[in-house]
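Report on one structure; see the data block that follows.
By convention here, the first residue in the shown sequence is residue 1. Order of listing sets the numbers, starting from 1, for every ligand and every atom in it.
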Amino acid sequence: MIDSIAPLDALGLVAHLHRLPSEHKGMAGKVLLIGGAPGMAGALLLAGNAALHLGAGWTILEMFDPASAHAYSEQAELMVRLASFEATNQLAASKPDLIAIGPGLGFSDLAKEWLSAVLRYPQIPLVIDADALHLIADTPEFLTLLRQRNESFPNQVVLTPHPGEAAHLLGNTAQAIQADRPGSLAKLVQLTRSIVVLKGQHTLLASPTNQALLCQQGNPGMAIGGMGDVLTGSIAAIAAQGLRHHINLWQASCIGVQLHATAADKLVKQNIGPIGLTPSEVTLEMRNQVNKLL
Ligand SMILES: NC(=O)C1=CN([C@@H]2O[C@H](COP(=O)(O)OP(=O)(O)OC[C@H]3O[C@@H](n4cnc5c(N)ncnc54)[C@H](OP(=O)(O)O)[C@@H]3O)[C@@H](O)[C@H]2O)[C@@H](O)CC1
Ligand SMILES: Nc1ncnc2c1ncn2[C@@H]1O[C@H](COP(=O)(O)OP(=O)(O)O)[C@@H](O)[C@H]1O
């Protein structure tokens, strides 16, 4: 079954990110990333750093951990805010071009407040990852909001579950997901009516309007905490630039997945991994690859 799935071949689309001499940061998009609860601030920082290095015009972090909600001298470009319960008002004031929610989000009332506000925020592309997927799996109201949003604004949400998150969404086990990845992907698309990236060895993507594709790149050096956070920030940045560069969210997801895995393979070829390969190194190599492909 897996052999019959078309291979992902998206790197040619990177050329759309080419910038005209006159471009300004507004054309690269404003990305808002939400998460980073106490103990997991690193997840949001990794996603934010990836968004920054993949070319977002602005990267704003709504950080849940009060101790981590400050400017970082080593990455002063990131705009870091302390997330409050005023989620709806904050979104209206920020006017993001794209929102990514989930890395290190946790399951607190604050997390639920922000996820609810994000799912109700109209029109713009959303990247939904990690704990936000667990919250959707646990809360029928969130699944309903997601499906309604996809009815009103089709192909404007991408979900990026790993097999554990996919299992939770489908009421299954990670082992069952892995035993039938194409079937699980189809069920996730049907359940959520979203673009779905089913991560793991040979990541699969599909959407309500796109047949499944299989990523032939990637390696087990990527099996390290934070690697998925980098993917989330990367897709967010590519899709945000895509708004003014003719790349839709499906295409941005395809580019992000293939670039991420290709960058990790390239680093392993240079003996920077598989052992000890870090998500931050993959981010920098993705930047390298993007600029070569322009
Ligand atoms: N620096 C930081 O602050 C970081 C913080 N992080 C944040 O931590 C939070 C928890 O996220 P998380 O993904 O670590 O835990 P969780 O959702 O319980 O999933 C684990 C389950 O999924 C399964 N599973 C996963 N992959 C699989 C595969 N390929 N193939 C098969 N199974 C697979 C696995 O199954 P197992 O094999 O163990 O039975 C296990 O049951 C979240 O907010 C995240 O953003 C991280 O981003 C790291 C960096
Ligand atoms: N064995 C593997 N082969 C290829 N890719 C892998 C492998 N293990 C993990 N990955 C990739 O690494 C990333 C891990 O994401 P995820 O599990 O969400 O990590 P985290 O939540 O810790 O950031 C995904 O993009 C996944 O496809």
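Ligand 1 lies within reach of His134, whose nearest heavy atom is under 4.0 Å from it. Residue-ligand proximity: Gly226 is placed with a non-hydrogen atom under 4.0 Å from ligand 1.
Taking the six-membered ring where tryptophan is involved, the planes of His246 and His16 are perpendicular, since the angle between them exceeds 60° and thus also 30°.
Side chains of Arg244 and Gln241: no donor on one and acceptor on the other come within 3.5 Å. Of the N and O atoms on the side chains of Glu165 and His162, at least one donor lies less than 3.5 Å from an acceptor on the other residue.
Looking only at heavy atoms of the protein, atom 27 (O) of ligand 2 is closest to Gly200 N, 2.8 Å. Closest protein heavy atom to atom 1 (N) of ligand 2: Pro220 CA, 3.5 Å. With hydrogens left out, the protein atom closest to atom 10 (N) of ligand 2 is Met222 CB, 3.6 Å, a heavy atom. What sits closest to atom 10 (C) of ligand 1 on the protein, heavy atoms only, is Asp131 OD1, 4.1 Å.
Both Leu126 and Trp114 belong to a common hydrophobic cluster when Ile, Leu, Val, Met, Phe, Trp and Tyr are linked at side-chain heavy-atom distances under 4.5 angstrom. Linking Ile, Leu, Val, Met, Phe, Trp and Tyr whenever their side-chain heavy atoms come within less than 4.5 Å puts Met286 and Leu13 in one cluster. Under the 4.5 Å side-chain heavy-atom criterion for grouping Ile, Leu, Val, Met, Phe, Trp and Tyr, Leu170 is connected to Val157 within one hydrophobic cluster. By the criterion of side-chain heavy atoms lying less than 4.5 angstrom apart, applied directly or through intervening Ile, Leu, Val, Met, Phe, Trp or Tyr residues, Leu143 is grouped together with Leu169 in one hydrophobic cluster. Transitive grouping of hydrophobic side chains (ILVMFWY, heavy atoms separated by less than 4.5 Å) brings Val31 and Tyr72 into a common cluster.
Under 4.0 angstrom from ligand 1, there are no non-hydrogen atoms of Lys199. Contact annotation for His202 and ligand 2: no heavy atom of the residue comes within less than 4.0 Å of the ligand. With a heavy-atom cut-off of 4.0 Å, Asn219 touches ligand 2 through its backbone alone. Residue contacts with ligand 2, taken as heavy atom pairs separated by less than 4.0 Å, involve Met227 via backbone and side-chain atoms alike. Proximity of Met40 to ligand 1, defined as any heavy-atom pair under 4.0 Å, is shared by backbone and side chain alike.
Using a 4.0 Å cut-off between charged nitrogen and carboxylate oxygen, Asp129 and Lys199 count as a salt-bridge pair. Note on Glu141 versus Arg120: salt bridge recorded, some NZ/NE/NH1/NH2 to OD/OE distance being below 4.0 Å.
Annotation: side chain of Leu33 is not in contact with side chain of Pro103 (no heavy-atom distance under 4.5 Å). Using a 4.5 Å cut-off on side-chain heavy atoms (C-beta onward), Ile60 and Pro96 make no contact. With contacts defined as side-chain heavy-atom distances shorter than 4.5 Å, the pair Ile136/Leu146 qualifies.
Remark: atom 38 (O) of ligand 1 lies closer than 4.0 Å to no protein heavy atom. Put simply, atom 14 (O) of ligand 1 has no protein non-hydrogen atoms near it, under 4.0 Å away. Counting only heavy atoms, the protein gets under 4.0 Å from atom 4 (C) of ligand 1. For atom 29 (N) of ligand 1, the nearest protein heavy atom is under 4.0 Å away. Using a 4.0 Å threshold on non-hydrogen atoms, atom 8 (O) of ligand 1 counts as touching the protein.
Residue Gly225 has at least one heavy-atom neighbour below 4.0 Å for each of these atoms of ligand 2: 22 (O). Less than 4.0 angstrom separates some heavy atom of Gln178 from each of these atoms of ligand 1: 30 (N). Close approach to Ala223 involves these atoms of ligand 2, each under 4.0 Å from a residue heavy atom: 8 (N), 9 (C). Atoms of ligand 2 found under 4.0 Å from any heavy atom of His260, numbered from 1 in the order shown, are 25 (O). Close contacts of ligand 2 with Asp229, meaning ligand atoms under 4.0 Å from a residue heavy atom, involve 23 (O). The ligand atoms of ligand 1 that sit less than 4.0 angstrom from a heavy atom of Ala130 are 45 (O). Those atoms of ligand 1 with a heavy atom of Pro103 less than 4.0 angstrom away are 45 (O). In the vicinity of Thr203, heavy-atom distances shorter than 4.0 Å reach the ligand 2 atoms 27 (O). Here is the list of ligand 1 atoms found below 4.0 Å of a heavy atom in Glu165: 17 (O). Per-residue contacts place Gly42 under 4.0 angstrom from the following atoms of ligand 1 (heavy atoms of the residue considered): 1 (N), 2 (C), 3 (O). Ligand-side atoms of ligand 1 in range of Gly225: 48 (C), 49 (C), range being under 4.0 angstrom from any heavy atom. Residue Gly228 approaches ligand 2 through these ligand atoms, each under 4.0 Å from one of its heavy atoms: 13 (C), 14 (C), 15 (O), 16 (P), 18 (O), 19 (O), 20 (P), 23 (O).
For ligand 2, none of its N or O atoms has an N or O atom of Leu231 under 3.5 Å away. When only interatomic distances are considered, the shortest N/O to N/O separation between Gly226 and ligand 2 falls below 3.5 Å. Residue Gly106 places no N or O, backbone or side chain, under 3.5 Å from any N or O of ligand 1. Between Lys199 and ligand 2, at least one pair of N/O atoms sits closer than 3.5 Å.
Closest of all the heavy-atom pairs between Leu188 and Pro161 is CD1-CG, 4.3 Å. Shortest non-hydrogen contact noted between Ser94 and Arg81 is OG-NH1, 2.7 Å.
Crowding of Gln211 atom CD: a count of heavy atoms from other residues, nucleotides or ligands under 6.0 Å not exceeding 12. Atom CG of Leu294 is surrounded by more than 12 heavy atoms from other residues, nucleotides or ligands within 6.0 Å.
Considering only non-hydrogen atoms, atom 1 (N) of ligand 1 lies nearest to Ala43 out of Gly39, Ala174, Ala43. The option with the heavy atom closest to atom 26 (N) of ligand 1, from among Gly36, Pro220, Pro163, is Pro163.
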